[in-house]
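Below you'll find the structure, written out as structure tokens, and then a few comments.
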Amino acid sequence: MKYVSLPQLTNKPVPTVGVGAMLLAEPLRSTGELMPWDDAIGILHHTFEQGITLVDTADIYAPDASHFGYDERLVGEAVRTWKGGRDSIIVVTKIGITLNVGPDGEDLWGRDGSYDYLMRAAEASVDRLGFTPDTILLHRVNREQQPFAKSVENMLAVREAGFAPTIGIGNVHLDECEIAWDVSGGTISGVENERSPRYRDDEDVLRWCVERGVAYFPWSPFGGGDDAANLPTKYPVFAEVAAELSESTGREVTAYQVTLSWLRANGDAVVPIPAVTRTTTANINAASVEVELSADQLARLDASPVGSGSVFPDDED
């Protein structure tokens, strides 16, 4: 594994690829059921063993509203029982999206950036994890509730209360990054935005992060769902580059590894967080740090056709 220094985020070495734990809290596509708890713990332990020592979770990652916080509890146990120790892992969690059980048992989604809600949510995250996370991000912005500056002030209160040493933001536009930077006195730890072959909007946010050494976590780096499952055929330029590298290096390089390398080529602050549900996937992701792209290959990937847009196309963001 390769590591970088991102002091805005943490004083720990930051791996150049992390792991997103969301899918461990959702029914598997192959079975329609949740992965057994102990199996999921084992997947995370194996991932950590590969040097992927940054794990991303959120309080809303759960199979349904009645299991709110499932993923944080899972990640918490995996980190606490990891033989390498808590201090060797960087834990990122997120708050600010609400998920409640409706009158007919349905999931009711919302957003809340208020002081009272964020303080309660942060305390609950710490309780579920069983330790203080390395950073807490505001998951999504409620643009109708209050000025964004006030939401940032509320996240700073979360930090001051000791629920996390650093705080960041997610799913934001450039003007919101600048507001958060000003309000926080230049102490934003990270930004988690969508970015993949499928979705490449808000590139100005990525550049903003790289210039300031703010960790940029591209979520759904393979595009999510069918796009991720069929990345080599949906985005053939990535497969073509993978084939070129396989031939030139004498070792198999996949379109997924090319994608991670393409994202990281934007700068040391970029830390993709692909999901892992199998040990082989963790191995492939870890090996991607050895994939180096030429200037010509990067230019071809950058110029390749963009996909169908956001994983959440109906979101008001």
Side-chain angles (χ1 to χ4, degrees), residues 1-20 52-58 90-96 113 118 122 132-141 143 147-160 163-196 199-221 259-274 289 293 298 302 317:
M1 181 53 61
K2 296 180 180 179
Y3 299 87
V4 295
S5 175
L6 294 174
Q8 288 281 122
L9 175 69
T10 178
N11 59 7
K12 301 175 185 178
V14 180
T16 55
V17 61
V19 56
I52 300 176
T53 52
L54 182 148
V55 57
D56 177 271
T57 183
I90 301 165
V91 178
V92 179
T93 194
K94 303 180 291 295
I95 58 176
L118 293 179
T132 301
D134 294 86
T135 194
I136 296 180
L137 310 185
L138 179 63
H139 202 157
R140 283 188 180 268
V141 182
R143 297 186 173 91
F148 182 59
K150 185 60 179 176
S151 295
V152 176
E153 290 176 2
N154 296 337
M155 288 297 294
L156 291 172
V158 164
R159 186 179 71 187
E160 291 303 310
F163 294 125
T166 62
I167 56 101
I169 51 180
N171 300 289
V172 288
H173 305 309
L174 180 60
D175 62 330
E176 291 161 339
C177 291
E178 293 172 340
I179 289 170
W181 191 254
D182 289 342
V183 171
S184 71
T187 59
I188 293 300
S189 65
V191 172
E192 188 166 321
N193 268 22
E194 183 177 7
R195 192 163 188 83
S196 67
Y199 184 83
R200 306 178 205 175
D201 288 0
D202 294 312
E203 184 170 349
D204 51 0
V205 172
L206 184 155
R207 301 298 168 206
W208 183 92
C209 290
V210 170
E211 289 171 3
R212 288 161 179 77
V214 172
Y216 181 94
F217 303 114
W219 60 263
S220 279
T259 300
L260 296 176
S261 183
W262 167 70
L263 289 165
R264 287 193 301 265
N266 288 286
D268 285 348
V270 181
V271 183
I273 46 172
V289 303
L293 303 173
L298 283 170
D302 287 340
D317 287 353

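If you're wondering where the values come from, they're calculated on a predicted model, not measured in any experiment.
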Inset, instruction - Using a 4.5 Å cut-off on heavy atoms from C-beta on, say whether the side chain of Ile273 contacts that of Glu192. - result: yes

Inset, instruction - With the side chain counted from C-beta on, respond yes when Ser189 and Leu137 share a heavy-atom pair under 4.5 Å apart, and no when they do not. - result: yes

Legend entry - Heavy-atom closest pair, residues Cys177 and Val172: SG-CG2, 3.7 Å

Legend entry - Nearest-0.5 Å distance, CE of residue Met155 to CD1 of residue Ile169: 9.5 Å

Legend entry - Non-hydrogen side-chain atoms of Arg159 and Ile136 separated by less than 4.5 Å: no

Legend entry - Shortest non-hydrogen contact between Asp268 and Val4, atoms and distance: O-CG2, 3.6 Å

Inset, instruction - For the residue pair Val214 and Trp181, establish whether any side-chain heavy-atom pair is separated by less than 4.5 Å. - result: yes

Inset, instruction - Begin with the C-alpha distance, continue with both residues' side-chain angles, and end with the deciding distance and a verdict on side chain to side chain contact (heavy atoms under 4.5 Å, CB included) for Arg264 and Lys2. - result: CA-CA 12 Å; Arg264 287 193 301 265; Lys2 296 180 180 179; over 6 Å; no

Legend entry - Distance in Å, Leu54 CG paired with Thr16 OG1, rounded so as to fall on 0.5 Å steps: 10.5 Å

Inset, instruction - Provide the closest heavy-atom pair for Tyr216 versus Cys209 in the form atom of the first, atom of the second, distance. - result: CD1-SG, 3.8 Å

Legend entry - Within-4.5 Å side-chain heavy-atom neighbours: Leu174 and Trp208: yes

Inset, instruction - Considering non-hydrogen atoms only, spot the tightest contact between Pro221 and Thr259 and give its length. - result: O-CG2, 3.4 Å

Inset, instruction - Before giving the answer on side chain to side chain contact (heavy atoms under 4.5 Å, CB included), spell out for Asn154 and Leu138 the whole-Å C-alpha distance, their side-chain angles and the decisive distance to 0.1 Å. - result: CA-CA 10 Å; Asn154 296 337; Leu138 179 63; over 6 Å; no

Legend entry - Residue pair Thr187 / Thr166, side-chain heavy-atom distance below 4.5 Å: no

Legend entry - Which atom of Ala269 lies closest to which atom of Leu6, heavy atoms considered: CA-CD2, 3.8 Å

Legend entry - Side-chain heavy-atom pair Glu176, Val141 within 4.5 angstrom cut-off: yes

Inset, instruction - Evaluate the side chain to side chain contact (heavy atoms under 4.5 Å, CB included) criterion for residues Thr93 and Phe163: first the C-alpha distance (whole Å), next the side-chain angles of each, then the deciding distance (0.1 Å), finally the verdict. - result: CA-CA 11 Å; Thr93 194; Phe163 294 125; over 6 Å; no

Legend entry - Derivation of the side chain to side chain contact (heavy atoms under 4.5 Å, CB included) call for Val289 and Val17: CA-CA 8 Å; Val289 303; Val17 61; 4.0 Å; yes

Inset, instruction - Could you note down all residue pairs passing salt bridge (Lys or Arg N to Asp or Glu O under 4.0 Å) where residues 148-157 supplies at least one of them, sequence neighbours left out? - result: Lys150-Glu153

Legend entry - Approximate separation, where rounding is to 0.5 Å, of Asn171 CG and Arg140 CZ: 3.5 Å

Inset, instruction - Flag the pair Arg195 and Asp202 as a salt bridge only when some basic side-chain nitrogen lies within less than 4.0 angstrom of an acidic carboxylate oxygen. - result: no

Legend entry - Phe217 vs Leu9 side-chain heavy atoms within contact, under 4.5 Å: yes

Legend entry - Exam field: side chain Asp182 to backbone Ile179, donor-acceptor pair closer than 3.5 Å: no

Legend entry - Nearest non-hydrogen partners of Pro165 and Thr132, listed with the distance: CD-CG2, 4.0 Å

Inset, instruction - Nearest 0.5 Å please: distance from the OG1 atom of Thr135 over to the CD atom of Gln8. - result: 10.5 Å

Legend entry - Gap separating the CD1 atom of Ile90 from the CG atom of Asp134, nearest 0.5 angstrom: 6.0 Å

